[in-house]
Amino acid sequence: MVQATVTFICGGARSGKSAYAERLLTHQTTGRLVYIASGVAADEEMKHRIDQHKEDRRHVNWHTLEQPKHLHKVLPFLKPGDLVLWDCLTTWLANEMYEGYEEGAPCVHRSGCLEQKQNQLLHTIKQMTEIVSQLVIVSNEVLDEWPQYEEETEIYRQTIGILHQQIVQHADCAIEMDHGLPIVWKGESS
């Protein structure tokens, strides 16, 4: 069985990572373009960002799957040969961390919950690579050091750092976007 090519792209806010990720896949000549969106329009800024991403993709034939949590639920919708862009890991993690908040028990405060979600995610990514031909994962760079963080922010930083390392370890290509320019840390960009 041929495994998908996996590309990991991270960068700061407004670094051009999503646009670059889209270009990597839209230049392909075969395969259905699938966009997995993890964003939730919880406030006006996020609504504007989501609307802008939709507008940016309007002229290309993307099949969009909105999946803010439980990424494994997209698996039945994927087809062999798909070109998949997941945007983004950091948004997904925030959504998963606070799942259960409404009931007074967010995942971040339940023993073992976050670790279970990490393991499920890595398993889901592996399953995706067994179906699709290319998988591009976008994530934000949020690991800059500050003197002190709130407990939940530190948990988030630590978790995203571990996930970045685990995904990059298995990725064919790892790219950091800086001011719209791709810096290739592993593999080659297309």
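Since the model is a prediction, treat every value here as computed from it, not as a measurement. Residue numbers start at 1 and run along the sequence shown. Below, each value reflects all heavy atoms present in this structure, side chains not excepted, and no hydrogens, waters or symmetry copies.
With a 4.5 Å cut-off on side-chain heavy atoms, V34 and L25 do not count as touching. M97 places none of its side-chain heavy atoms less than 4.5 Å from the side chain of N95.
Remark: the S18 side chain and the E22 side chain contain no N/O donor-acceptor pair separated by less than 3.5 Å. A donor and an acceptor atom, one from each side chain of Q134 and T5, are nowhere located under 3.5 Å apart.
For the pair Y156 and T91, the tightest heavy-atom approach, listed with the atom from each and the gap, is OH-N, 4.4 Å. In plain terms, the two heavy atoms of I125 and W86 that are nearest each other are CD1-CZ3, 4.4 Å. Here the closest non-hydrogen pair linking G81 and S133 is O-OG, 3.2 Å. Shortest non-hydrogen contact noted between L78 and R32 is CA-NH2, 3.9 Å. Smallest separation of non-hydrogen atoms from L71 and Q67: CA-CG, 4.1 Å. Closest heavy-atom contact between T159 and L114: OG1-CD2, 3.5 Å.
Residue I36 holds its CD1 atom at 8.0 Å from CG of L85, rounded to the nearest 0.5 Å. Distance check: F77 CZ to L65 CG gives 7.0 Å after rounding to the nearest 0.5 Å.
In this structure, H27 contributes its side chain and R23 its backbone to a donor-acceptor pair below 3.5 Å. Of the possible donor and acceptor atoms, none in the side chain of Y35 sits under 3.5 Å from a partner among the backbone N and O of D87. Using modelled atom types, no side-chain atom of S38 and backbone atom of P68 make a donor-acceptor pair closer than 3.5 Å. In this structure a side-chain-to-backbone donor-acceptor pair under 3.5 Å is present from D82 to K79.
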Show me the side-chain donor-acceptor pairs of residues 105-113 shorter than 3.5 Å, one per line, residues at least two apart or across chains.
from, atom 1, to, atom 2, distance (Å)
H109, NE2, E152, OE2, 2.5
R110, NH1, A105, O, 2.4

Per-pair distances, 0.1 Å, donor-acceptor, side chain in residues 165-175, under 3.5 Å, sequence neighbours excluded:
from, atom 1, to, atom 2, distance (Å)
D172, OD2, V6, N, 2.7

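A salt bridge links K117 with E99: the closest approach of a Lys/Arg side-chain nitrogen to an acidic carboxylate oxygen falls below 4.0 angstrom.
Q116 CD: 12 or fewer foreign heavy atoms inside a 6.0 Å radius. Within 6.0 Å of CD on E66 lie no more than 12 heavy atoms contributed by other residues, nucleotides or ligands.
If you look at H164 and F8, their ring centroids are closer than 6.0 Å.
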For the pair V138 and Y20, evaluate side-chain contact (heavy atoms from CB on, under 4.5 Å) and give the outcome as yes or no after the intermediate values.
CA-CA 10 Å; V138 174; Y20 183 80; over 6 Å; no
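Transitive grouping of hydrophobic side chains (ILVMFWY, heavy atoms separated by less than 4.5 Å) keeps L135 and W185 in distinct clusters. Cluster annotation: L181 and M177 are assigned to distinct hydrophobic clusters (Ile/Leu/Val/Met/Phe/Trp/Tyr, side-chain heavy-atom contacts under 4.5 Å, transitive).
Each of I155, N140, L89 was scored for a side chain to side chain contact (heavy atoms under 4.5 Å, CB included) with I160, with one residue passing: L89.
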